[in-house]
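Hydrogens, waters and symmetry mates play no part in the numbers below; they use all other heavy atoms, side chains included.
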Amino acid sequence: MRNPLFVSLSAACAVLAAPCAHAVEIDGRIDPQEWSQAQHIEDFRLTQPLSREAASQPTQAWMMATPEGLAIAFRNQQPAGVPRLRQHTERDGDGTVDRVNLYVDFDGDGRMGYNFTVTLANSITDATITSENQFNNDWDGDWRHATSEDEEGWSAEMLIPWHIAPMRKADGGNRTLGIQLDRVIASTGERTSWPAVHYTQARYLSAFNRVQMPAYGQTLLAITPYVVGVQDAVKHGSDFDGGLDLFWKPSGKFQLSATLNPDFGQVESDELTVNFSATETFFSDKRPFFTENQSFFDVPFGSYNSNSRLIYTRRVGGGRDDGEGSGDVTAALKLNGSAAGFNYGLFAASEGDEIGRDFYAARVTRDFDRYGLGAMVTQVDRPFLDRQANVYEFDQRWTPNPQWSIRGAVVASDVEQAGRSFRDSGGQVRIDYDMGKGWRQQLYGLHLGKDLMLNDFGYLERNNFNYLRYDLGRRVTDLPDDSAYSSHDWHYAVSRRYSDDGVHIADAFAVNRRSDLRNGGREFIEAALWTSGHDDLITRGNGVLRVPAKLFMTYEGLRPRQGDNPWSLYTEAGYSAEGLGGVDEGELRLYLEPNYQFSDRMLLFAGVEYSHNPDWLLWRQGNRVASFRADFLSLNAGLQWFIDDKQELRLRLETIGVDARARQAYRVASDGRALAVAEEIPDFRVRNLGFQVRYRYELAPLSYLYVAYVRGGEMFEEGMQHDGVGRQFRDAFDLRDSEQLLVKLSYRFEI
C-alpha cells in the first residue's frame, strides 16, 4: 500500500505543479522534461534598433522558480549564414560577442535590479541596476551558467540562487518579479527583447514584465578568508596579510555582510590618469565587501550624467587624513533587509588607528504601485581633522503612466570642524516624457549650495552650482535596407549653468547622434558650443576667471571583427577648445585601439592616444594661471589568454608621456579678466608607467589564486630642457618606483 503522505504530496504537486518544480541540471542543454513546467516565451521583439518588429532569428526562453533558484533557459536559432562570435572575455569584460541577458527585479517595484549575462563562450558579466537604467558591474555574484552549440544555433542555461539578493517577504506564497530577457547577435548588432524595452529609455527597470512565481527561501552562510604575500624588489622587503569576508542570509528578508581587514584589491589595477583639474578622479571599487548589496545605497546626486553619488566606497580605506598613505580598514558591517513594507540598509566601517575615520550610513525605502520614497543618513567622524560630517537625503520617484517619469532628491549637509559649523542643501529633479513615435523630452534641474559638503563619504564633482537642462530626443529606426546604419538616436540639448552666488558659468547647446550599424558596429558623434562665461573652479578659490566661448566635438566608432578577419578597431577623435584662446585654439585628440583575435581564447589589444593642445590652461598657485603648448602620448596595451575555463593569464601595460611648454602667465583680476604678466612659468614633463602580469586560477565560484608581477612609477619634472613628448613616453619605460611580486589566495566556504 502506498504511503498516504506520498499520495498527498503527489496530488498537491499535480494541482500546483510550479511550486513543486524539480531541480534543473545547468549544463547548457535544454532537456524538455526538465523545463516542462516552465513558462515558455517566444515573443522577442527588436530593441536594437528599437523598432519592436519581429526578430530576424527566432529566440525562445523558459523560466521557472525552483527551490535552488530562478532558472532561465535560452534557445537561440543561428544558422551557418549568421556568423557566431564567441571570444572569451574576463568577468565583466566588454566584447563584441553573442550573448543573452537576464534582467531581474526581485521585488518587482522598479527600485533595484540585477543583470546576468552569459556569452556564447560561457563568459559572464553581472551588474546591479539602479535609477531605472544605471548599471554598475563592480558587483560579482555567485550563480550558475552553461552553454552549448549545434548546427542550428546555441543554448544557454542560468540558475540564480534566491540568496543572491535581499527580497521582501512574499505575499501569500507567491513572489512578483520584474523580468526582462534579451539576446544580442554581435555580427549584426541586433538585440531582441521580452518585453520590448531598451536600457537607454528613461523608463527601463520599472517597465519590466511583472511575473508571479512561487516563493522559495534559501539560507546561506559564506565565509571567504584570504591571505596575501608581497615581495617588494625596490624596498627590499616583504609583507604578509590576511582577512576575511562573511555573508549571512538566514531568510529572504535579511542579509548581513561583514569584513575584517578587507582586501584593498591588490590584484586589480586602476587606470593611469594625468589630472591637473580642480575635480578629483573617480575610480571604481572591486573589493568584495564594498560591492555586495551596495546598490541599495547607490543614490546618484550631483552633476548630470556623472559619477556623483552620496556614498563613494573608495573613501573607506582611501588616503589618510594626515597624508601618509592609505587608511587601514579594521572592520566593516552591512545589513540589508525588509520589514513592515519597508526596505532598510545599515553600513558601518572603521579605520582602526588614531588617524582612522569611522563611516556610518542608514537608508530606508518604501515603494507603492507607481510611487516610491527613500531616505538616507550618513556620518563620517574624522578625529585627526576634528571634523564630523553628517548628510541627510530624501528621494522620490513617480511614474503615473508609461509616458511620464519624475524623479527627485533633496540633500542637506551639516559639518562641524574645529568649532565651526557649515550647513547647506541641494536638490535635483528629472522629468522624462515619452511623446511616442520615437520622440521624447527630458527636463533636468540641479541646485548645489555653496557650503554643501558631500565628499567626506560621497563623490561630488563640485558644489556652489545651479544647472538647468532641456533635452529633446528622437529615435529613428525606419532606415532603408541598403543603409549601413540600422538606427539613429538624436539628442538636442540646451543648458544653463550658474554658481550659487550668481556667477554665470555658461550657456550651452549640444547635439549628438548615437548610431547602430548593421555590421554590429556603433558610432557616436557630438558637437557642443558653450557661450563665454566664467570658470570659478580653476583658481581653487582665488578668483573667478572670465573665459571665452568653448567648442567641443567628439567622434567614437567601433568597427567589429567580421567573418574570419581577426581584426577589430575602436576609434576616438575629438576637438576641445576651452582655453583663453577661444574656439580657434583647441586640443586635437586621436585614439586608436586595434584588437587582434588569435583564437577564441586569446586576444591582443593596443590603444594609442596622441593629443596636441596649443592652449592648455592650468592653475599655477594663488590667482595665477598659465597657458601651455602641450603634447600627450599614451599606450594602453595588453594580452588576455584564457588557458582553459579555470585559468587566465593577463598582461597589461600603460604608459603616459606629457610635454608642456609655457606660453603665457596670467593674473586673475578682481573683475575676472586674465591679465598677462611677465612672470616666468617653468615648462614641465610627466611620465607614468603601469605594468602587470597576472595569472588567475579559479578554485571554485568566487574562490581564486592570483600570482601577479606589478611594476610602476611616475615622474613630474619642471624647468628642464625641452626634449619632446616622444622622449617622455620612452623614458616612462625606465620608471621603477615600485616592483612587486604578489600572491593572493581566497576561498569561499559555504556552510
Salt bridge (charged side-chain N to carboxylate O under 4.0 Å, His left out) partners for Arg357, two or more places apart: Asp321, Glu351
side-chain contact (heavy atoms from CB on, under 4.5 Å) involving Ser670 - partner list, sequence neighbours excluded: none
Check: Glu587/Ser611 side-chain N/O donor and acceptor closer than 3.5 Å: yes
Residues that Gln417 engages under side chain to side chain donor-acceptor pair (under 3.5 Å), provided they are two or more places apart: Arg387
Sequence-distant partners of Thr273, side-chain contact (heavy atoms from CB on, under 4.5 Å), two or more places apart: Thr281, Phe283
Pair Asn307, Tyr312: side-chain N/O donor-acceptor within cut-off below 3.5 Å: no
Side chain to side chain donor-acceptor pair (under 3.5 Å) partners for Asn136, two or more places apart: none
Plane angle bin for Phe716 and Phe276 - parallel if under 30°, tilted between 30 and 60°, otherwise perpendicular: tilted
Aromatic plane relationship, Phe290 with Phe347 - under 30° parallel, 30 to 60° tilted, over 60° perpendicular: tilted
Residues which pass side-chain contact (heavy atoms from CB on, under 4.5 Å) with Asp395, listed by chain and number, not counting sequence neighbours: Arg111, Arg363, Glu393, Ala409
Pair Tyr709-Gln740, side-chain donor/acceptor within less than 3.5 Å: no
Under the side chain to side chain donor-acceptor pair (under 3.5 Å) test, residues paired with Tyr204 that sit two or more places apart: Gln180
Plane angle bin for Tyr498 and His504 - parallel if under 30°, tilted between 30 and 60°, otherwise perpendicular: tilted
Over 12 non-hydrogen atoms of neighbours within 6.0 angstrom of CZ in Arg663: yes
Partner residues of Glu280 under the salt bridge (charged side-chain N to carboxylate O under 4.0 Å, His left out) criterion, sequence neighbours left out: Arg315
Minimum heavy-atom distance between Asn636 and Arg652, given as atom pair plus value: OD1-NE, 2.9 Å
Ala412: side-chain contact (heavy atoms from CB on, under 4.5 Å) partners, not counting sequence neighbours: Ser425
Pair Glu461, Thr279: side-chain N/O donor-acceptor within cut-off below 3.5 Å: no
Pair Leu443-Arg469, side chain to side chain contact (heavy atoms under 4.5 Å, CB included): steps then yes or no: CA-CA 6 Å; Leu443 182 66; Arg469 182 179 191 268; over 6 Å; no
Residues that Arg309 engages under salt bridge (charged side-chain N to carboxylate O under 4.0 Å, His left out), provided they are two or more places apart: none
Inter- and intrachain pairs under side-chain hydrogen bond (donor to acceptor under 3.5 Å, both in side chains), touching residues 529-541, at least two apart: Arg462-Asp536
Sub-6.0 Å ring centroid separation between Phe733 and Phe691: no
Arg736 versus Ser738, side-chain donor and acceptor atoms under 3.5 Å: no
Pair Asn512-His491, side-chain donor/acceptor within less than 3.5 Å: no
Partner residues of Asp500 under the salt bridge (charged side-chain N to carboxylate O under 4.0 Å, His left out) criterion, sequence neighbours left out: none
Pairwise side-chain contact, Leu580 with Tyr666, heavy-atom cut-off 4.5 Å (strictly under): yes
Gln728 and Arg687 side chains, donor-acceptor separation under 3.5 Å: yes
